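Heads up, the thing below is written out as structure tokens.
Keep in mind that what you see is a predicted model, and the values were worked out from it rather than measured.
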Amino acid sequence: MPTSPIIEAVGLVKRFEDRIAVDGLDLAVPATECFGLLGPNGAGKTTTLRMIYGVSKPTSGAITVFGLDVARHGRAVRGRLGVTLQENVLIDSLSPIDNLRVFGRYHLLREPELSRRIEQLITDFELGSHARQRAETLSGGFKRRLAIAMSLINRPELLILDEPTTGLDPAVRHVLWNEVRALKARGTTVLLTTHYMDEAERLCDRVLIMSNGKAVCEGPPRELVESRLAREVLELDCTAAEERALLEGLAAVKTLRSGARLFVFADDVGPLALRAKQLEGAAGRSFVVRPANLEDVFLASTGTSLETGA
Amino acid sequence: MRQHAVSWPHALSVCWRNAAMYRRTWKLNILPNFFEPLFYLWSIGLGVGAYVSEMSGMPYVQFLAPGLVCVAAMNGASYEVTYNVYVRMHYEKMYAAMLTTPIEPEDILIGELLWALIRASIYGGCFLLVTMAFGVAPFPRSLLALPVIPLSGVLFAAIGLAFTLRANTMEFFSFYFTLFLTPLFLFSDIFFPLAERFSGPWLLLAEALPLLHPVRLSRFAFYGAHGAQPTAALLLWDCVYVLGLSFGLLLYARGWIRRRLTA
């Protein structure tokens, strides 16, 4: 049964004095899904988030969250969601427990509920061993986990994560991904921004790729890859002349060029790989055959131009 | 409900955040508040007082005390709402985090005002306590000066907040302290009675100085109609000035905090 979306934005525009940050964006985030907002730096992701939780006023367009107009019910909406900002905002001189306590007060949580909730979050995020030391002495991974735990203090129905794993090492990223999955499993809707495509593919049911404030494409990650590109990709360095020789006689193959690197997309790149091996002067030159991924869609959508055919 | 109305519970949670930080270090923080008046008493009482035996008909150290209580409150409020608010806003992004919760910019303004008021009261209160303990301030009469401390605090919190919300770099604060607060400190009836040294238009101009008003109230609280003999009308004017300017500047700051935080 289709339910109404948790977040719905129509014709969202945000104009600053000197530039347009968001330019006519439509967005619908279904309940209990993980929705990814992807795009390069400066695409308008953070501005979009700020408008969704009502701290930045759209120049035009309308946003409802939980069916409420954010412009008029900002406090009520923010009481039911949690936001983890790009930068960890912690009080360095206080312990994780005290940081959680201060944040809980912002939501007007009172004892004994506040302490119960803090205890739960310390357990869920495995912060127990560091719960009483000053926040400034925590490692990057622990700081990030604390920041996310803080945004969950009010048991939000919607969690907004602005670049949750930027700058963290792979092990910590896996830990955080597991936490996001666990939240989703408990019925929390998640909206995240990232420029890591692997993160989006692992976590998101749906993604929307943004560039220059506009939506470039939207859909489930796997579907986006296969409908916009193809299942597989062959990657190699070659000249324009070699490219012509490689693709000669092949009908409607999608290619993408990034400097000397050529990407060729096809549902089965086996025959192409044979040709690539036979390319004159290409002997010993390495090429890669791999499944196409969101990274390719991202590059094709926002950076290098995507051409159809040779 | 009116939009942008202050929610007092949320404003208190902002104030509580600062208190939670302060609570860990208050023993260290409060120590200077006791030493500062001691240094004044020592230097003025034993040093300057030996040369300047009387001012306005009382020992010099007694003349100084009520004004310095106001200065302590002024300093307490000023440090909070200038450097500390600026750092929370621009470097620590503390307000950005608060605005992800039901807190609105107006709540932050009032929360910071309340906290500055508490800090001003701690500064001014310690000063008053020490001067009383050393017999410089008449006991118990000078307890009447207690309400003047938060009054002085609210005034300089409002001035400082308005300034901080318009400041684009931290460098502006050195102007604020040396070109604004220091002259106030020197020309607000604290060190000498203005009325005995200046006349006519200069005295009228001096009425514009914010610190003058709490100082006059404080001295009246300490000694009553002694020396300069302020009239009831003048004291009423002092109260109106302090409350009026504070209110006006807070309205101004309220518009600006929203602009600053919700772009």
Side-chain angles (χ1 to χ4, degrees), chain A residues 14-17 21 46-47 49-59 71-95 97-110 114 134-135 147 150-151 153-154 156 159-162, chain B residues 1-29 84-112 114-115 168 255-263:
Chain A
K14 181 67 185 186
R15 191 173 288 127
F16 292 114
E17 268 166 40
T46 300
T47 306
L49 295 187
R50 282 167 59 85
M51 289 191 281
I52 288 171
Y53 63 87
V55 75
S56 175
K57 209 170 149 244
T59 309
R72 289 180 47 223
H73 304 284
R75 279 193 208 268
V77 165
R78 285 195 302 277
R80 293 168 62 186
L81 58 77
V83 182
T84 309
L85 297 171
Q86 215 162 305
E87 270 176 71
N88 298 324
V89 181
L90 307 173
I91 304 174
D92 283 340
S93 61
L94 298 187
S95 66
I97 288 182
D98 286 338
N99 268 284
L100 285 161
R101 193 174 298 281
V102 165
F103 213 77
R105 290 267 173 162
Y106 297 161
H107 284 280
L108 308 186
L109 295 183
R110 293 282 176 261
L114 181 56
R134 292 159 65 97
M150 282 161 71
S151 56
I153 193 93
N154 57 326
L159 177 64
I160 295 175
L161 298 165
D162 197 1
Chain B
M1 200 181 72
R2 206 157 55 88
Q3 262 212 302
H4 306 333
V6 172
S7 156
W8 285 89
H10 288 106
L12 283 174
S13 78
V14 173
C15 183
W16 199 86
R17 176 231 169 248
N18 294 337
M21 263 186 84
Y22 184 74
R23 233 183 11 205
R24 288 185 63 93
T25 54
W26 71 272
K27 282 178 198 151
L28 270 179
N29 265 305
N84 288 356
V85 164
Y86 193 88
V87 166
R88 273 172 223 143
M89 182 157 58
H90 296 285
Y91 294 102
E92 297 177 350
K93 310 278 178 207
M94 203 53 74
Y95 300 151
M98 288 176 182
L99 293 176
T100 69
T101 73
I103 292 172
E104 293 275 352
E106 291 76 15
D107 309 337
I108 296 176
L109 183 74
I110 296 301
E112 291 293 1
L114 289 175
W115 176 244
N168 287 322
W256 273 94
I257 198 166
R258 187 157 273 279
R259 274 181 75 169
R260 280 277 186 208
L261 296 181
T262 66

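Of the listed residues (Gly111(B), Pro9(B), Pro105(B)), the greatest number of heavy-atom pairs within a distance under 4.5 Å of chain A belongs to Pro9(B). Between chain B and the residues Leu108(A), Val83(A), Val102(A), the most heavy-atom pairs under 4.5 angstrom are made by Leu108(A). Note: Val55(A) leads Asp98(A), Thr47(A), Val55(A) in heavy-atom pairs under 4.5 Å with chain B.
Counted within 6.0 Å of CZ on Arg110(A), heavy atoms from surrounding residues, nucleotides or ligands total more than 12; the atom is thus considered enclosed.
Between the side chain of Arg24(B) and the main chain of Leu94(A), no donor-acceptor pair closer than 3.5 Å is present. Side-chain atoms of Arg105(A) do not come within 3.5 Å of backbone N or O of Ser13(B) as any donor-acceptor pair.
The distance from the CZ atom of Arg23(B) to the OG atom of Ser93(A) is 11.5 Å, given to the nearest 0.5 Å.
Side chains of Arg78(A) and Ile103(B) form no contact here, defined as non-hydrogen atoms less than 4.5 Å apart.
Ion pairing of Arg75(A) with Asp107(B) is present here, as a side-chain N (NZ or NE/NH1/NH2) and a carboxylate O approach within less than 4.0 Å.
Of residues 87-96 of chain B, those residues lying under 4.5 Å from chain A by any heavy-atom pair are Glu92(B), Lys93(B), Met94(B), Ala96(B).
Of the two parts of Thr25(B), neither the backbone nor the side chain holds a non-hydrogen atom closer than 4.5 Å to a non-hydrogen atom of chain A. Contacts of Ile153(A) with chain B are absent, with no heavy-atom separation under 4.5 Å from either backbone or side chain. Contacts between Leu261(B) and chain A at a heavy-atom distance below 4.5 Å involve the backbone alone (N, CA, C, O). When heavy atoms are compared at a cutoff of 4.5 Å, Arg50(A) approaches chain B solely by way of its side chain, counted from C-beta outward.
When all heavy atoms of Ser56(A) and Ala263(B) are compared, the closest pair comes out as OG-O, 3.4 Å. His10(B) approaches Tyr106(A) most closely through the heavy-atom pair CD2-O, 3.2 Å. Contact detail for Thr100(B) and Phe103(A): the closest heavy-atom pair is OG1-CZ, 3.9 Å.
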